[in-house]
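Here is the structure we will look at.
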Amino acid sequence: MTASEFPYAAQALQIRRHRRRLDQPRCFTTETVYAITSLRLHQAKPAQLAAWIRSHWNIENKIHWVRDVTYDEDRSQTRIGTGPQVMAALRNAAIGALRTAGITNIAAANRHHARDSTRPLALLGIT
């Protein structure tokens with residue numbers, strides 16, 4: 001890659017992530033990734049860029065991971081028309097309603113609400 005491929009790049013970042021797997025507590029991995037931004041140093045200092053990157057992972061962990069793992073979204077058979085967008089919106093609405101109610105374990109909440117059809121309605125204030 002050359003600088004001409006990124007004419008608006010003002011800063012380049014190297015991000016080194018150290019991770020520990022929950023199922024293997026003694027196993028650590030290190031990953032190095034790179035990023036570029038058009039923001040100049042006076043617009044975004046390194047600490048601010050790091051905070052933005054960490055907040056991205058907060059979103060990734062709270063929304064995308066739940067959609068991928070709890071709702072098994074990647075194996076969805078809905079592929080025609082606006083079906084995939086509608087299903088993603090419904091999943092996001094369910095996650096949002098549960099989080100607004102103070103629920104942190106979405107999988108357990110889904111099982112709880114699935115046992116009684118009046119529970120989701122009560123959560124939404126419909127009954």
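Position 1 is the first residue of the sequence; numbering continues from there.
Annotation for Arg115: atom CZ counts as buried by contact number, over 12 foreign heavy atoms lying within 6.0 Å. The 12-atom threshold is not exceeded at OH of Tyr8, counting heavy atoms of other residues, nucleotides or ligands nearer than 6.0 Å. Other residues, nucleotides and ligands place more than 12 heavy atoms under 6.0 Å from the CZ atom of Arg79. Surrounding CG of Leu41 are more than 12 heavy atoms belonging to other residues, nucleotides or ligands, all under 6.0 Å away.
Here NE2 of His56 is found 7.0 Å from NE2 of His64. Values are rounded to the nearest 0.5 Å. Within the model, atoms CD of Gln24 and OG1 of Thr29 stand 10.0 Å from one another, a figure rounded to the nearest 0.5 Å.
Counting heavy atoms from C-beta on, the side chains of Leu123 and His112 never come closer than 4.5 Å. Annotation: side chain of Thr70 is not in contact with side chain of Ile95 (no heavy-atom distance under 4.5 Å). Put simply, the side chain of Thr37 does not reach to within 4.5 Å of the side chain of Trp52, judged on heavy atoms. Annotation: side chain of Asn58 is not in contact with side chain of Arg54 (no heavy-atom distance under 4.5 Å).
Taking hydrophobic clusters as Ile, Leu, Val, Met, Phe, Trp and Tyr residues chained together by side-chain heavy-atom distances below 4.5 Å, Val33 shares a cluster with Leu49. Ile53 and Ile59 sit in two unconnected hydrophobic clusters of ILVMFWY residues. Membership requires side-chain heavy atoms under 4.5 Å apart, directly or through other members. In the hydrophobic clustering of this structure, Trp65 groups with Ile103; members are Ile, Leu, Val, Met, Phe, Trp, Tyr whose side-chain heavy atoms approach within less than 4.5 Å, directly or through other members. Hydrophobic clustering (ILVMFWY, side-chain heavy atoms < 4.5 Å, transitive): Tyr71 and Leu90 are in distinct clusters. Note on Val66 and Trp57: separate hydrophobic clusters, where clusters join Ile, Leu, Val, Met, Phe, Trp and Tyr whose side-chain heavy atoms are under 4.5 Å apart, directly or indirectly.
At least one donor-acceptor pair closer than 3.5 Å links the side chain of Gln11 to the backbone N or O of Leu39. The backbone N or O of Glu73 lies less than 3.5 Å from no partner atom in the side chain of Arg91, so there is not a single donor-acceptor pair.
Of the residues listed (Arg19, His18, Arg20), the one engaging Phe28 in a side chain to side chain contact (heavy atoms under 4.5 Å, CB included) is Arg20, and it is the only one.
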**Message:** Could you go through Ile36 and Glu5, starting from their C-alpha distance and side-chain angles, then the distance that decides it, and tell me whether this counts as side-chain contact (heavy atoms from CB on, under 4.5 Å)?
**Reply:** CA-CA 12 Å; Ile36 58 172; Glu5 293 180 80; over 6 Å; no
